[in-house]
Amino acid sequence: MFLLYEYDIFWAFLIISSVIPILAFLISGVLAPIRKGPEKLSSYESGIEPMGDAWLQFRICYYMFALVFVVFDVETVFLYPWAMSFDVLGVSVFIEALIFVLILIVGSIYAWRKGALEWS
């Protein structure tokens with residue numbers, strides 16, 4: 001039988017964690033001073049007068065390296081709990097993790113061969 005009262009703590013946490021950011025935005029919107037002017041609309045560069053346009057295009061290489069970093073960082077997040085409970089999980093989970101790592105290796109080799117990770 002499904003008992004709803006077992007999830008009281010979950011619902012309380014969900015409501016509180018939703019209400020706090022909403023209240024923060026509402027309070028800051030009411031209390032913040034509204035001043036518009038050239039200083040407010042200029043870009044901030046650590047107290048130095050801005051030189052040139054604020055919108056710069058970055059090379060795609062930076063995005064590719066950031067994407068590769070995020071992929072392998074997420075891989076670490078997924079593999080760490082598996083490694084901590086390796087002795088309990090068994091061989092089937094080991095095979096699943098091995099397939100996961102092999103897919104990432106094949107993807108990185110593909111990106112490397114296509115030249116996506118080259119700086120030139």
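What you see below is based on every heavy atom in this structure, not just the backbone, and it leaves out hydrogens, waters and symmetry mates. Index from 1, following the sequence.
Annotation for Ile20: hydrophobic cluster partners, listed by chain and number, are Ile16 (ILVMFWY side-chain heavy atoms under 4.5 Å, direct or chained).
The hydrophobic clustering, which links ILVMFWY residues whose side-chain heavy atoms are closer than 4.5 Å, places Trp11 and Phe13 apart. Under a hydrophobic-cluster definition in which Ile, Leu, Val, Met, Phe, Trp and Tyr are linked whenever side-chain heavy atoms come within less than 4.5 Å, directly or via other members, Val71 and Val74 are assigned to the same cluster. Following chains of ILVMFWY side-chain contacts shorter than 4.5 Å, one can reach Tyr7 starting from Leu14, so the two form part of one hydrophobic cluster.
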Identify every side-chain donor-acceptor pair in residues 100-115 under 3.5 Å, counting partners at least two apart or on other chains, and give the distances.
{"from": "Ser108", "atom 1": "OG", "to": "Leu104", "atom 2": "O", "distance (Å)": "3.3"}
{"from": "Ser108", "atom 1": "OG", "to": "Ile105", "atom 2": "O", "distance (Å)": "2.8"}

Indicate every side-chain donor-acceptor pair of residues 24-34 with a distance under 3.5 Å to a residue at least two apart or in another chain.
{"from": "Ser28", "atom 1": "OG", "to": "Ala24", "atom 2": "O", "distance (Å)": "3.2"}
{"from": "Ser28", "atom 1": "OG", "to": "Phe25", "atom 2": "O", "distance (Å)": "3.0"}

Taking distance alone, no hydrogens or angles, what donor-acceptor pairs closer than 3.5 Å link side-chain atoms of residues 77-87 to residues at least two apart or in another chain?
{"from": "Ser85", "atom 1": "OG", "to": "Pro81", "atom 2": "O", "distance (Å)": "3.0"}

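Every residue was checked against the ring-ring contact (aromatic ring centres under 6.0 Å, His included) condition with Phe10, not counting sequence neighbours, and none meets it. Here Val68 pairs with Phe72, Leu117 under the side-chain contact (heavy atoms from CB on, under 4.5 Å) rule; sequence neighbours left out.
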